[in-house]
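A short worksheet on the structure shown next.
Lettering follows sequence order; numbering is per chain, from 1.
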Amino acid sequence: MGRILGERTDLRNRAKELKRLVEIEVEIANTLAHEKGVDAARKALEETNPEALNRQKQAKRVGLKDLPNAEKGKVVLRFAPNPNGPLTLGHARGVTINSEYANLYDGKVVLRFDDTDSKVKPPIKEAYEWIESDYKWLTGKKPDIIVRASERMMIYLQYAVKMLEGNFGYVCKCSAAKFKKLRDNSLECPCRNKEVQENLSDWKMMENGTLKEGEAVVRVKTSMDLPNPALRDWPALRIQHTLHPMVGDKYKVWPLLDFQSAIEDHEQGVTHIIRGKDLMDSTRKQTLLYAHFQWDYPETLYWGRVKIHEFGRFSTSGMRKDIEEGNFTDWDDPRLPTIRALQRRGFNSDAMRAFWIDLGLTQKDISVSLQTIEAFNSSKIDEMCERRSFVRNPELLELKTSEKGINNQEISINRHPMNLIEGARVWNIDDKRIYLEKVDVEKENIRLKDYADIEIKDSNAIIQSYERLDRRPIVHWLPFSMAKKAILTIPQGNDIIIQEGMMENFEIIKGNIVQLERVGYAIIESENNSDIIKLLWLHG
RNA sequence: GCUCGUGUGGUGUAGUUCGGUCCAUCAUGCCGCCCUUUCGAGGCGGCGACCCGGGUUCAAAUCCCGGCACGAGCACCA
């Protein structure tokens with residue numbers, strides 16, 4: 001019935017009549033189904049009206065939702081990290097979503113370094129470049145515009161003066177605690193009603209260092225009656241005498257994020273802000289500021305908090321501390337959720353993007369598994385990865401031929417099972433000794449992958465057939481002459497697991513990702529002709 | 001406490017604007033089968049969800065009211 005009304009909107013106002021008719025038909029059908037079975041009813045329907053059985057399945061929207069109020073070619077977005085470390089998996093969402101929208105709308109992305117706090121979150125000099133390169137790796141191109149807040153301080157300070165001159169800002173000399181008390185009770189602070197001239201001279205004292213840290217802030221006048229206390233006369237700039245790694249002691253007054261970001265978004269002509277929903281109050285504060293300046297606030301969208309099961313909670317400053325204390329080797333330590341660590345391990349940037357785009361933009365707080373990212377990665381890299389044999393806990397067996405078989409001396413195996421990478425690996429088995437994993441040796445009848453069915457007796461592998469005779473398990477193996485010592489490093493939580501074994505010594509090239517048969521993907525980290533092959537685990 | 005936001009299978013996600021073609025999409029996960037493509041590959045099949053309670057309506061995932069749960073902000077951090 002719903003379907004009829006859906007297809008025939010003209011019948012909707014006659015729904016009551018229709019309902020009776022439908023009920024009669026349903027009754028007939030039910031009786032039929034009851035007496036002769038559902039199939040009979042189905043058959044009857046097929047004869048009279050076969051189309052009714054064709055239900056069209058609904059499709060899932062792919063890609064990102066439309067951006068509200070967006071005009072192709074005129075969209076300006078921004079991604080604004082703090083340069084206190086390289087980018088992490090969390091940042092990847094921001095980079096991907098912003099750059100993807102820019103692609104969709106022929107827009108631009110501003111990479112903006114919000115480095116206005118040298119005290120609580122001191123910037124790292126190198127981090128500016130790290131972030132630029134992480135961004136480029138993730139998006140395949142450089143940001144359209146790069147700005148550093150610390151280089152644009154003059155602009156912010158000028159606007160601060162404008163704000164004081166316009167009398168919609170004031171210098172407040174109350175202590176943070178005192179102001180909070182007043183604010184929570186909707187009371188104005190005494191500094192609020194100072195003359196413009198007095199505010200300007202106080203401002204000078206902030207700028208020339210007469211007033212020390214914590215002795216004054218510049219506030220934006222809003223209203224003390226606002227229902228949300230967080231918005232009431234919010235602080236815009238404060239005094240900070242700490243040295244800034246990029247500009248030293250050039251400035252004594254620094255803007256806070258809400259102010260700096262608001263001004264800079266306006267300066268850059270940002271049309272759409274996509275930020276975490278923890279910044280919703282920022283939007284509200286900034287909207288109030290924009291009203292003072294008579295600017296239009298950009299469209300704003302939010303995403304919720306993302307937690308990756310395997311990494312738990314992490315913060316850039318926390319990682320920094322751990323690295324300094326030696327708990328991790330560096331920012332690209334494979335246990336870390338940084339972009340550089342993921343890149344080092346062999347994650348593919350397109351797969352990462354696909355993952356974040358698939359998650360989309362929702363305000364829900366979500367908790368996703370690294371497995372999902374790995375699934376995206378596998379499907380992306382599989383066609384590019386050659387296979388290699390890596391035998392863990394190797395045991396050496398003697399290959400024996402039964403009376404009828406004749407041993408091949410060389411076998412060739414595809415580099416890729418579907419031959420997506422052309423060519424073959426050639427194994428010489430003249431030597432008659434092979435490596436098998438200990439766990440596989442314990443099985444009696446197995447098939448050596450791409451070679452032969454064998455029976456294991458004592459330390460012998462007796463060939464029974466080159467053809468596959470039965471459903472016995474297929475295992476990977478390695479001729480003695482092809483084997484080279486290798487170690488596989490597997491990051492697991494805060495630990496590192498080392499697995500030793502014998503690796504197929506065939507075109508071992510540093511930086512290549514290979515699929516270790518029956519084990520998983522790994523990247524080759526050792527130099528091309530080193531004595532021991534070093535492998536770093538990617539995923540299964 | 002105040003302010004704001006979010007609730008669709010185990011995990012994510014589509015559908016919610018404008019109620020009907022939704023016995024709800026897709027991915028991931030899990031289970032089974034097939035396969036000389038090894039596996040966490042591929043193929044096939046299966047499992048599994050509209051937070052709860054009312055209301056409006058011929059019809060509610062969708063609208064209204066009331067609960068509940070979870071999260072965030074309330075920094076001179078970003």
Side-chain angles (χ1 to χ4, degrees), chain A residues 1-9 12 14-20 22 54-62 65 80-82 84 114-117 119-121 172 175-176 179-180 183-184 213-219 226-232 234-240 254 256-258 260-261 276-282 284 302 304-306 309 316-317 355 358-360 362-369 371-376 378-379 382 387 389 414 416-419 447-453 466-468 471 473-476 515-521 539-540:
Chain A
M1 168 136 182
R3 183 166 168 191
I4 295 168
L5 257 24
E7 286 170 359
R8 292 282 302 275
T9 46
R12 283 191 190 171
R14 297 174 67 187
K16 270 190 180 148
E17 293 169 54
L18 185 64
K19 193 186 182 192
R20 259 201 314 275
V22 170
N54 294 332
R55 297 182 61 242
Q56 63 172 60
K57 261 195 169 181
Q58 184 191 348
K60 180 177 175 170
R61 194 206 71 231
V62 286
K65 282 183 191 142
N82 180 327
N84 63 342
D114 282 346
D115 56 348
T116 56
D117 175 48
K119 201 172 177 180
V120 184
K121 292 187 175 167
C172 173
S175 70
F179 184 84
K180 181 175 163 49
R183 184 196 69 182
D184 289 346
E213 283 186 23
E215 289 181 352
V217 295
V218 175
R219 294 188 182 283
L226 255 21
N228 185 349
L231 312 184
R232 297 172 191 159
W234 54 273
L237 303 97
R238 82 314 207 176
I239 301 166
Q240 202 165 263
W254 285 82
L256 286 146
L257 171 85
D258 292 322
Q260 178 270 128
S261 166
K277 68 173 183 176
D278 50 317
L279 260 28
M280 276 184 169
D281 281 350
S282 259
R284 298 180 185 108
Y302 306 93
R305 190 207 77 232
V306 182
H309 290 318
T316 305
S317 39
F355 166 76
D358 187 66
L359 278 197
T362 63
Q363 292 192 28
K364 265 202 283 187
D365 293 327
I366 55 173
S367 185
V368 295
S369 169
Q371 276 187 62
T372 308
I373 304 179
E374 291 172 352
F376 273 86
S378 296
S379 64
D382 185 75
R387 310 292 125 128
S389 189
N414 283 162
H416 186 282
M418 284 181 287
N419 217 18
R447 178 170 179 84
L448 302 180
K449 185 177 181 301
D450 298 310
Y451 185 53
D453 285 357
Y466 295 105
E467 300 303 313
R468 185 159 168 77
R471 305 284 319 281
I474 300 170
V475 305
H476 62 296
Q515 192 195 75
L516 308 173
E517 290 180 9
R518 295 218 299 149
V519 180
Y521 298 95
H539 52 72

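Side chain of A:D358, nearest nucleotide from B:C77, B:G12, B:G73: B:G12. Between B:G71, B:G73, B:C77, one nucleotide has an atom nearer to the side chain of A:L256 than all others, and that is B:C77. In this structure, of B:U36, B:U13, B:A78, it is B:U13 that holds the atom nearest to the side chain of A:T362. Of the listed nucleotides (B:C4, B:U36, B:U3), B:C4 has the atom at the smallest distance from the side chain of A:M280. Closest to the A:L257 side chain, of the nucleotides B:U36, B:G15, B:A78, is B:A78. Side-chain proximity of A:D365 to the nucleotides B:G71, B:U36, B:G73 is greatest for B:G71. Minimum atom distance to the side chain of A:R183 is reached by B:A75, of the listed B:G12, B:U8, B:A75. Closest to the side chain of A:K65, out of B:C4, B:G71, B:A14, is B:A14. Distances from the side chain of A:K364 to the nucleotides B:A78, B:U11, B:U13 place B:U13 closest. With B:U37, B:G12, B:A78 as the choices, the nucleotide that has an atom nearest any side-chain atom of A:P417 turns out to be B:U37.
For A:W234 and B:C2, the CH2 to C1' distance is 20 Å, given to the nearest whole Å. The distance from atom CZ of A:F376 to atom P of B:U13 is 12 Å, rounded to the nearest whole Å.
A:I373 places none of its side-chain heavy atoms less than 4.5 Å from the side chain of A:H539. Side-chain contact between A:I474 and A:R468: present, with at least one pair of heavy atoms (C-beta onward) separated by less than 4.5 Å. Side-chain contact check for A:D358 versus A:F376: some heavy-atom pair is nearer than 4.5 Å.
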Step by step, work out the side-chain contact (heavy atoms from CB on, under 4.5 Å) result for A:D115 and A:Q260. CA-CA 10 Å; A:D115 56 348; A:Q260 178 270 128; over 6 Å; no
Verify side-chain contact (heavy atoms from CB on, under 4.5 Å) between A:R238 and A:W254, making sure each step is shown before the conclusion. CA-CA 6 Å; A:R238 82 314 207 176; A:W254 285 82; 3.5 Å; yes
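Here, B:A41 and B:A27 have their P atoms 14 Å apart, quoted to the whole Å. A gap of 44 Å separates the P atoms of B:G5 and B:G45, to the nearest Å. Separating the C1' atom of B:A24 from that of B:A59 is a span of 16 Å, rounded to the nearest Å. One P atom belongs to B:U25, the other to B:C70, and the distance between them is 30 Å to the nearest Å. Comparing B:G7 with B:G15, their C1' atoms are spaced 16 Å from each other, to the whole Å.
In this model, the phosphate group of B:C26 is not approached by any side-chain N or O of A:R61 to a distance below 4.0 Å at OP1 or OP2. Here A:K60 does not reach the OP1 or OP2 of B:A27: none of its side-chain N or O atoms lies under 4.0 Å away. The phosphate of B:A78 has OP1 or OP2 within less than 4.0 Å of a side-chain N or O from A:T116. Dashed line: the shortest gap from a side-chain N or O of A:S369 to OP1 or OP2 of B:G29 is not under 4.0 Å. Under 4.0 angstrom from either OP1 or OP2 of B:C76 there lies no side-chain N or O belonging to A:K180. Phosphate proximity of B:C76 to A:R238: absent, as no side-chain N or O sits under 4.0 Å from OP1 or OP2. Between A:R471 and B:U36, a side-chain N or O to OP1/OP2 separation shorter than 4.0 Å is absent.
In this structure, B:G5 forms a base pair with B:C70, meeting either the Watson-Crick or the G-U wobble geometry with both donor-acceptor distances under 3.5 Å.
A:H416 places a side-chain N or O within 3.5 Å of a backbone atom of A:D382 that can act as its donor or acceptor partner. With hydrogens and angles ignored, the 3.5 Å screen pairs no side-chain donor or acceptor of A:R387 with any backbone N or O of A:N414.
In this structure, A:G360 reaches neither bases nor backbone, as no heavy-atom distance under 4.0 Å exists between it and the strands shown.
Checking A:P81 against A:E374, the closest nucleotide of RNA chain B that is more toward the 5' end is the one next to A:E374. A residue-by-residue look at A:E467 and A:K121 shows that A:E467 has its nearest nucleotide of RNA chain B further toward the 5' end.
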